[in-house]
Amino acid sequence: MAGDVYERVMDLARRRGFVWPTSEAYGAVAGFIDYGPLGAMMKRRIEDTWRGFFVVREGFYEIECPTIGQEAIYVASGHVKGFTDKMFQCSHCGEYLRADHVVEGGGHCEHAAALDEESLARELSTLPCPACNETIGDVRVFGFSLMFQTSIGPGSQRTGYLRPETAQGIFTDFSRLLRFYRDKLPFGATQIGKSYRNEISPRQGMIRLREFTQAEAEIFVHPAKKEHPNFARYADYRMPLLGYPAQLAGTPAVEMTMATAVETGTVANEYVAYYLALTHEFLTRVGVAPERLRFRQHLPDERAHYAEDCWDAECLSDRFGWVETVGIADRTDYDLRAHAGHSGEPFTVFIQYAEPVRRRETRVIPRMGALGPRFRGAAKQVADGIAATDPGIASSGDGFSIEVDGASIEITPDLFDVREIEVEIQGEEVMPHVIEPSYGIDRILYSVLEHSFDEEEVEGENRTVLRLSPAIAPIQVAVFPLMSRDGMDRFAQEVVGELKRDGLMAEYDDSGAIGRRYRRQDEIGTPFAVTVDYDSLEDGTVTLRDRDSMRQVRLPRSGLARTCSALCAGRLRFDDLE
RNA sequence: GCGAUAGUAGUCUAGUGGUAGGACAGGGGCUUCCCAAGCCUCUAACUCGGGUUCGAAUCCCGGCUAUCGCACCA
């Protein structure tokens with residue numbers, strides 16, 4: 001069999017309708033794919049499994065925001081500025097290059113990334129082009145945005161961007177979500193949907209797409225309370241962690257429990273540790289091979305400056321090596337602070353103290369009765385100025401002066417009192433921190449395909465089998481009449497109907513020899529096959545065949561649907577039937 | 001994006017200027033048929049657009065896609 005595993009997996013995916021190049025009728029476009037019938041079904045099942053973890057179990061409701069966002073969102077998030085590479089084209093060789101990289105490489109400037117486009121062009125003019133070695137000369141440095149830009153409404157008055165991540169929709173709905181969750185921390189929201197990045201050169205099949213599906217959770221927590229309320233669930237969960245000190249030292253990942261990971265400081269806090277473990281459980285549940293899964297901590301210089309801790313779940317691919325499939329980051333209050341600053345909305349939660357804090361404070365109290373007649377319309381401003389004055393200065397007894405509208409006003413002691421009063425503080429406004437597990441669904445789906453892909457020899461013949469978990473297999477049960485005659489075909493059609501009525505994805509096939517039909521289903525990962533034979537017509541039993549072991553058991557037709565449902569849900573193992 | 005290489009049924013492949021051929025897969029049929037058996041039969045392709053030529057899958061140019069190297073990957 002020619003080609004590496006990637007080639008064989010993608011060949012199968014194309015042939016059998018999992019993943020297709022997009023719009024082939026007009027020639028495909030790199031960075032975009034179509035999911036075929038089986039791929040779309042499998043993707044939906046992965047997403048539904050994800051919902052089972054995050055929406056049902058964690059209780060983080062799913063929301064759905066537009067894929068097009070107005071410019072202000074992405075100005076605030078930093079994507080308009082930070083998502084742009086400054087590039088130029090060499091006039092001699094036509095090569096497109098990163099302007100800041102070339103300037104830094106020239107050794108003239110250490111902080112080229114901070115320079116504006118004109119300064120970069122000036123620096124570049126005397127440097128040799130790294131591609132062709134000619135002196136660059138006059139060039140135009142331009143920003144290449146990884147965001148797809150569009151315009152909203154006619155006349156392009158308003159710039160819009162296709163979202164580069166689903167997260168911002170959750171952040172911009174923060175106040176609504178806070179009210180929905182009745183003003184308490186922690187809470188979380190999730191979103192599954194398409195995101196878009198105009199990659200310069202997407203060349204790794206479905207690993208780097210220009211349009212891809214993300215499943216993200218944004219969990220808002222109190223910045224001083226990063227103990228997860230359900231941490232006990234995963235405290236003893238063991239998994240391999242590759243922290244950054246180990247990476248720098250070149251030592252392998254260390255298997256440890258989440259409790260140990262937090263105690264030793266390997267993982268920053270319980271929240272991050274909890275979602276590392278949950279992610280491990282999720283990925284292995286949908287079919288990522290545990291021995292081809294690791295969790296790698298970002299190195300300090302690869303981590304975004306605002307992130308307190310960041311880990312990637314990486315799946316091992318035969319061709320691509322370790323592929324990032326999930327990112328789990330403590331993003332602190334970076335996003336909310338950015339949106340608060342740009343929008344003017346507070347983005348905070350009022351946290352009431354268990355006991356109000358009482359404090360004696362010295363205050364400067366304006367005497368409004370005296371201020372009003374003297375200052376008339378300006379009295380309010382003057383009073384505010386008085387109240388804001390340091391009590392120490394005010395209590396000297398000689399009066400003081402304040403500035404109102406640029407004019408200095410003398411405040412004599414008859415205009416105010418200095419008094420000690422007791423104040424009661426009920427609580428404080430807190431800007432939550434965000435814990436963000438962010439899943440790349442397409443990469444997960446590919447990893448599962450690759451990890452499930454198997455070829456084995458059965459009685460001298462090659463058997464290709466996708467060992468997909470019944471939970472995500474597109475077709476769950478195949479039903480075959482041994483021969484399409486003598487009523488076996490009608491019997492089998494009825495069985496299909498019974499299985500479908502129980503919500504199972506069942507498929508009927510009477511074409512070709514029985515062995516061929518088993519192989520067809522093996523190749524698309526169908527975990528179970530029911531065969532109707534002559535005995536079925538006699539005694540109403542059928543055989544149920546297990547994909548992985550190829551073993552069969554004979555079962556009565558009644559109750560078959562219930563058995564298959566239990567097998568697919570993982571409540572029952574095939575071994576238990578034997 | 002730059003450079004190199006490639007592109008023939010769903011898949012693999014033959015075809016070097018003159019009728020596109022095979023294998024497997026797929027459809028229909030036959031065969032008391034439980035792991036890709038056999039027999040008959042059918043469907044089905046020159047990546048797209050220009051050019052050269054009486055005539056192009058074949059030669060030339062360009063686009064697209066794929067693979068590899070470089071660059072890129074917030």
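Each chain gets a letter, A, B and so on, in the order the sequences are listed, and its residues count up from 1.
- On the C1' atoms, B:C24 is 10 Å away from B:A36, given to the nearest whole Å.
- Salt bridge annotation for A:Arg467-A:Asp454: present, with a cationic side-chain nitrogen under 4.0 angstrom from a carboxylate oxygen.
- Within the 4.5 Å cutoff, no side-chain heavy atoms of A:Leu209 are placed close to those of A:Tyr196.
- Checked against salt bridge (Lys or Arg N to Asp or Glu O under 4.0 Å), A:Asp442 has no partners two or more places apart in sequence or in another chain.
- Side-chain contact between A:Phe491 and A:Pro481 is absent, with no heavy atoms from C-beta onward closer than 4.5 Å.
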Distance-only criterion, 3.5 Å: show the donor-acceptor pairs between side-chain atoms of residues 483-490 of chain A and protein atoms not counting sequence neighbours.
from     : atom 1 : to       : atom 2 : distance (Å)
A:Asp486 : OD2    : A:Tyr534 : OH     : 2.8

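- If you measure from atom CG of A:Asp510 to atom P of B:G29, you get 9 Å, rounded to the nearest angstrom.
- OP1 or OP2 of B:G27 has at least one side-chain nitrogen or oxygen of A:Ser511 nearer than 4.0 Å.
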(request) Could you encode protein contacts along nucleotides 31-41 of chain B as a string, one character per nucleotide from 5' to 3', using B for base contact, S for sugar-phosphate-only contact and - for no contact, with a heavy-atom cut-off of under 4.0 Å? (result) SSBBBBB----

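- Relative orientation of the A:Phe174 and A:Phe347 rings is parallel, given thresholds of 30° and 60° on the angle between their planes.
- B:A23 is paired with B:U11 under the criterion used here, namely a Watson-Crick or G-U wobble arrangement in which both key atom distances are under 3.5 Å.
- Distance noted for atom P between B:C39 and B:G1: 50 Å (whole Å).
- If you check the side chains of A:Arg163 and A:Thr67, you find no donor sitting under 3.5 Å from an acceptor.
- Salt bridge status for A:Arg463 with A:Glu523: absent, with no side-chain N to carboxylate O gap under 4.0 Å.
- B:A44 and B:G26 have their C1' atoms separated by 9 Å, given to the nearest Å.
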N/O contacts under 3.5 Å, protein versus nucleotides 61-66 of chain B?
from  : atom 1 : to      : atom 2 : distance (Å)
B:C64 : O2'    : A:Ala28 : O      : 3.3
B:U65 : OP1    : A:Ala30 : N      : 3.1

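- Between A:Arg16 atom CZ and B:C24 atom P the separation is 18 Å, expressed in whole Å.
- When Watson-Crick and G-U wobble pairs are counted only if both distances are under 3.5 Å, B:U65 pairs with B:A6.
- Between A:Arg557 and A:Glu498 there is a salt bridge, with a side-chain nitrogen of the basic residue lying less than 4.0 Å from a carboxylate oxygen of the acidic one.
- For the pair A:Tyr334 and A:Val434, the minimum side-chain heavy-atom distance is 4.5 Å or more.
- Taking the six-membered ring for Trp and thresholds of 30 and 60 degrees, A:Tyr446 and A:Phe320 have ring planes more than 60 degrees apart, a perpendicular arrangement.
- Considering only heavy atoms from C-beta on, A:Arg8 comes within 4.5 Å of A:Val5 through its side chain.
- Across the P atoms, B:U5 and B:C59 are found 13 Å apart, a figure rounded to whole Å.
- The base-pairing partner of B:G17, taking Watson-Crick or G-U wobble contacts with both distances under 3.5 Å, does not exist among the strands shown.
- Side-chain contact between A:Tyr518 and A:Thr531 is present, with at least one heavy-atom pair separated by less than 4.5 Å.
- A pairwise comparison of heavy atoms in A:Thr190 and A:Ala217 identifies CG2-CB, 3.7 Å as the closest pair.
- Remark: A:Arg296 fails to qualify as a cation-pi partner of A:Trp311 under the 6.0 Å distance and 45° angle criteria applied to the six-membered ring.
- As rounded to the nearest Å, B:U8 and B:G21 have C1' atoms that lie 11 Å from one another.
- The base-pairing partner of B:A71, taking Watson-Crick or G-U wobble contacts with both distances under 3.5 Å, does not exist among the strands shown.
- Of the residues in residues 320-336 of chain A, none lies under 4.0 Å from RNA chain B by heavy-atom distance.
- Heavy-atom nearest nucleotides on RNA chain B were determined for A:Pro164 and for A:Asp509, and the one closer to the 5' end corresponds to A:Asp509.
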Might you list the N or O atoms of the protein lying below 3.5 Å from N or O atoms in nucleotides 9-11 of chain B, with each pair's distance?
none

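- Remark: the separation of the C1' atoms in B:C30 and B:A23 is 23 Å, to the nearest Å.
- B:G7 and B:C61 are spaced 15 Å apart, taking the P atom of each and rounding to whole Å.
- Using N1 to N3 plus N6-O4 or O6-N4 for Watson-Crick, or N1-O2 and O6-N3 for G-U wobble, each under 3.5 Å, B:A57 pairs with nothing.
- To the nearest angstrom, C1' of B:G26 lies 16 Å from CG of A:Leu12.
- One atom, CD1 of A:Ile524, and another, C1' of B:A25, lie 15 Å apart when rounded to the nearest Å.
- Across all strands shown, B:C35 remains unpaired; no Watson-Crick or G-U wobble contact has both distances below 3.5 Å.
- Straight-line distance between the P atoms of B:C64 and B:A71: roughly 23 Å, to the nearest whole Å.
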